[in-house]
Visitor: 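Have a look at the structure that comes next, please.
Heavy-atom basis, side chains included; hydrogens, waters and symmetry copies ignored.
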Amino acid sequence: DVQRRKSELMEKVGAVMREYREEYPELLNKLSYLEDILHKTERFKRSIELAIEILEKISRESHKNWASFLNRNVNSILSKFNRDYEDLKFDTDLSFTIKPKRVNKLCTPIEVMSQLSSGAKDQIYLSIRLALGRYFSRSGWKLPFIMDDPFITSDDERFVEGMKFIISEIAKEHQ
């Protein structure tokens, strides 16, 4: 009985060894292929991480430059449309705050969207767009501004002041 059991086990071991000899070279090739893929993937991942790091640095520098330019220019534009707001300031991430003149509180962009009138919002964002247009036009090529009823939500006084500004200053520079 022990001899028979030994013979059965030897047969099973032999079958496992044959299977091992048949499959091992192919499995080694697959392992080598997968290790190569893993190596390439890790290199690609490092390249992507480096690219992201560089793009984030460039983005931060660009946002810092834009914020600086906007902080120097946007308030003078906004004052032509709406004198009820002052001190529109951009942070280096391009978030901004603005202060209503009659209130001693800064409004965040979320508060601008939820608490200010449609006219005030439109005037603030138009001022920002015009200032950005000036920024991108510094190289000599003046970008045109395409506006579709930019003062449609403005009251009559702000409409007139805004149109005077567009005609007297923006039109000379950009269209």
Visitor: Looking at Ile152, I want to see if its CD1 is surrounded by more than 12 non-hydrogen atoms of other residues, nucleotides or ligands under 6.0 Å.
Guide: no
Visitor: Distance only, no hydrogens: is a donor on one side chain within 3.5 Å (strictly under) of an acceptor on the other, for Ser68 and Arg72?
Guide: yes
Visitor: Partners of Glu49 by salt bridge (Lys or Arg N to Asp or Glu O under 4.0 Å), sequence neighbours excluded?
Guide: Lys45
Visitor: Does any part of the side chain of Glu111, heavy atoms only, come nearer than 4.5 Å to the side chain of Lys105, both counted from C-beta?
Guide: yes
Visitor: Kindly assign one of parallel, tilted or perpendicular to the pair Phe96 and Phe90, based on the angle between their ring planes and the thresholds 30° and 60°.
Guide: tilted
Visitor: Please examine the side chains of Phe81 and Ile124, heavy atoms only from C-beta on, and report whether any two atoms are closer than 4.5 Å.
Guide: no
Visitor: Might you point out which heavy atoms bring Ile98 and Val112 nearest each other, and give the distance in Å?
Guide: CG2-CG2, 3.7 Å
Visitor: So if you build clusters from Ile, Leu, Val, Met, Phe, Trp, Tyr with side-chain heavy-atom gaps below 4.5 Å, do Leu106 and Tyr85 land together?
Guide: no
Visitor: Nearest 0.5 Å, please: how far is CE in Met10 from NZ in Lys12?
Guide: 13.5 Å
Visitor: Calculate, to the nearest 0.5 Å, the distance between atoms CD1 and CD belonging to Ile110 and Gln115 respectively.
Guide: 10.5 Å
Visitor: Is the shortest side-chain heavy-atom distance between Met113 and Tyr125 below 4.5 Å?
Guide: yes
Visitor: Looking at Ala67 and Asp91, what are the two nearest heavy atoms and their distance?
Guide: CB-O, 3.3 Å
Visitor: Shortest non-hydrogen contact from Arg134 to Phe145?
Guide: N-CZ, 4.3 Å
Visitor: Might you point out which heavy atoms bring Gln123 and Leu78 nearest each other, and give the distance in Å?
Guide: O-CD1, 3.8 Å
